[in-house]
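These notes are about the structure you will find just below.
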2 protein chains.
Amino acid sequence: MPARIDPERRRELVVDAAFRLVVAEGMPGVSLRKVAAEAGLNIGSVRHYFEGHEDLLAAAARESGERMGRRLARHPAEGLAGFSGEFAVEALRELVEQVLPVDGERRAEAVVVTELILASRTRPVFAPVAAQMAADLHEVLREALAVLGHPGPDAGARQISALVGGLTLDAITPHGALGPGQVRETLEDALRLLLGVPRQS
Amino acid sequence: MPARIDPERRRELVVDAAFRLVVAEGMPGVSLRKVAAEAGLNIGSVRHYFEGHEDLLAAAARESGERMGRRLARHPAEGLAGFSGEFAVEALRELVEQVLPVDGERRAEAVVVTELILASRTRPVFAPVAAQMAADLHEVLREALAVLGHPGPDAGARQISALVGGLTLDAITPHGALGPGQVRETLEDALRLLLGVPRQS
DNA sequence: CACCATTTATCACACCCGTGATACGTTAAC
DNA sequence: GTTAACGTATCACGGGTGTGATAAATGGTG
């Protein structure tokens, strides 16, 4: 059966299985045996591509961070140049929604990222990735606000970052009360306030 | 040795030990054996006061929710009546800071609450408490904004709720970049925007 | 075909977990 | 003093985990 498999593909397949487990059972649900079962592999195979448990988690964290980086890079801050008023709000909203759980795919990624961030509090493996993701988000937001001519883009970026974290936490949790619609709405309200663009009535 | 112990005191002692473990190792670190050791008791004693693992977690969650409720009840919304401008911002800030990790005690409680909320995504035991806490916070904020004459207190409360969640998540995590000072500052900025009170320069 | 490296598959070990059952000592009431 | 309830302390079981070591099977290469 060892049909000259591409090791990178295999690793991706395993990491994806780990993601599914995080979504389904949370970070503690990610065990080597469960990951192997979820990926349709034997535990021996998984351990052939990953040194051990810690290594797998580190790889998954790295992948998660890269996905978030890719999402953020998709809408570079320079693209916001020249926008103002209603258009600025809309453009900024689209940027921020890249990392909010407004659809299935983004929801799954948001779950993984949030579990990772909280776990980074007690598991050193996750700390670097968590810090990098926070820094990346802050930087993108800061640049975007600067391009839009916002005074104090640093403080503004901190506000939006906090809002993103809170909205995500509320949306992925079964408080239930916060669906994608209300997430969008709350985000838009905050951005309007921040950019000084009154709501269109 | 069974010197007629007050069962309630014992249960509190055990739950406190569970809290310390959540802070130190996260939710998965709360095992019966570790809790017993942390409380300075034998596992048999712990199991004498709690049906089992699930029961202990439920009790801890309940206690956590009640503590948050007490914190919120300490500054009732009616106390904000008549405030406006700078005073309104200050009063609202004090209220919200009750549930933010701005000192050691509140930080520990915030850690427990956040771990609980995220865990509620996959553990039904926590769901009711998590939902209740979110509802309580929203209600207090809504009333406060209503008393302060804010138009759309519901939407405003959602914004502050999200901000609280995000600030907490960032502050208890070793992103490090967000100390109590910046938490206060970011909160104040957001409240000023929300209440329409420009920053005193 | 034979050979070797890669891949897959198992086994065994030690550890931690929750839980049921049970024994032991202490305390209070009768 | 006797008795019953309470609190404490252990034992054993089954299950899950990470990990080390090792065997088996396969595919390409010489």
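First the proteins, then the strands, lettered A, B, ... as listed; each starts at 1.
A heavy atom lying under 4.0 Å from DNA chain D marks the following residues of residues 34-44 of chain A, by number: A:Lys34, A:Ile43. The stretch residues 13-32 of chain A comes close to DNA chain D through A:Ser31, A:Leu32, each having a heavy atom under 4.0 Å from the strand. For DNA chain D, no neighbouring residue in residues 53-64 of chain B is found when judged by any heavy atom under 4.0 Å.
Looking at heavy-atom distances under 4.0 Å, B:Phe50 makes no contact with the nucleic acid at all.
Phosphate contact (OP1/OP2 of D:dG7, side-chain N/O of B:Ser45, threshold under 4.0 Å): absent. Between C:dT6 and A:Tyr49, no contact under 4.0 Å exists linking OP1 or OP2 to a side-chain N or O. An OP1 or OP2 oxygen of C:dT22 is reached within less than 4.0 angstrom by no side-chain nitrogen or oxygen of B:Arg47.
Per the geometry, CD belonging to A:Glu51 stands 12 Å off C1' belonging to D:dG20, to the nearest Å. Whole-Å rounding puts the A:Arg33 CZ to C:dC17 P distance at 17 Å.
With distances taken from any side-chain atom of B:Arg10 to the nucleotides C:dC17, D:dT8, C:dT7, the minimum falls on D:dT8. The side chain of A:His48 sits closest to C:dT8 out of D:dT17, D:dT8, C:dT8.
With sequence neighbours excluded, no residue forms a side chain to side chain donor-acceptor pair (under 3.5 Å) with B:Glu66. In terms of the salt bridge (Lys or Arg N to Asp or Glu O under 4.0 Å) criterion, B:Arg11 has no residue partners (sequence neighbours excluded). For B:Glu185, the salt bridge (Lys or Arg N to Asp or Glu O under 4.0 Å) criterion is met by no residue, not counting sequence neighbours. Partners of A:Arg20 under the side chain to side chain donor-acceptor pair (under 3.5 Å) rule, at least two apart in sequence or in another chain, are A:Glu38. Residues satisfying the salt bridge (Lys or Arg N to Asp or Glu O under 4.0 Å) test with A:Asp16, not counting sequence neighbours, are A:Arg67.
At a threshold of 4.5 Å between non-hydrogen side-chain atoms, the residues A:Leu187 and A:Leu191 count as touching.
Here side-chain hydrogen bond (donor to acceptor under 3.5 Å, both in side chains) pairs that include residues 39-61 of chain A, with residues two or more places apart or in two chains, number zero.
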Residues 123-151 of chain A, side-chain donor-acceptor partners within the protein, below 3.5 Å, at least two apart:
| residue | atom | partner | partner atom | Å |
| --- | --- | --- | --- | --- |
| A:Gln132 | NE2 | A:Asp136 | OD1 | 2.8 |
| A:His138 | NE2 | A:Asp154 | OD1 | 3.2 |
| A:Glu139 | OE1 | A:Arg142 | NE | 3.4 |
| A:Glu139 | OE2 | A:Arg142 | NH2 | 2.9 |
| A:His150 | NE2 | A:Leu194 | O | 3.3 |

Residues 70-90 of chain A side chain polar contacts: donor-acceptor under 3.5 Å, at least two apart:
| residue | atom | partner | partner atom | Å |
| --- | --- | --- | --- | --- |
| A:Arg71 | NE | A:Glu109 | OE1 | 3.2 |
| A:Arg71 | NH2 | A:Glu105 | OE2 | 3.2 |
| A:Glu86 | OE2 | A:Arg192 | NH1 | 3.0 |
| A:Glu86 | OE2 | A:Arg192 | NH2 | 2.5 |
| A:Glu90 | OE1 | A:Arg93 | NH2 | 3.4 |
| A:Glu90 | OE2 | A:Arg93 | NH2 | 2.9 |

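At least one donor-acceptor pair under 3.5 Å links the side chain of A:Arg121 to the backbone N or O of B:Val23. Remark: the backbone N or O of B:Glu97 is not paired with any side-chain donor or acceptor of B:Arg184 at under 3.5 angstrom. The backbone N or O of B:Ile117 sits less than 3.5 Å from a side-chain atom of B:Ser120, completing a donor-acceptor pair.
Stems are defined here as 3 or more consecutive Watson-Crick or G-U wobble pairs with pairing distances under 3.5 Å; those involving DNA chain D are C:1-30 with D:1-30.
Note that OG of A:Ser31 and CD1 of A:Ile43 are 7.5 Å apart. Values are rounded to the nearest 0.5 Å.
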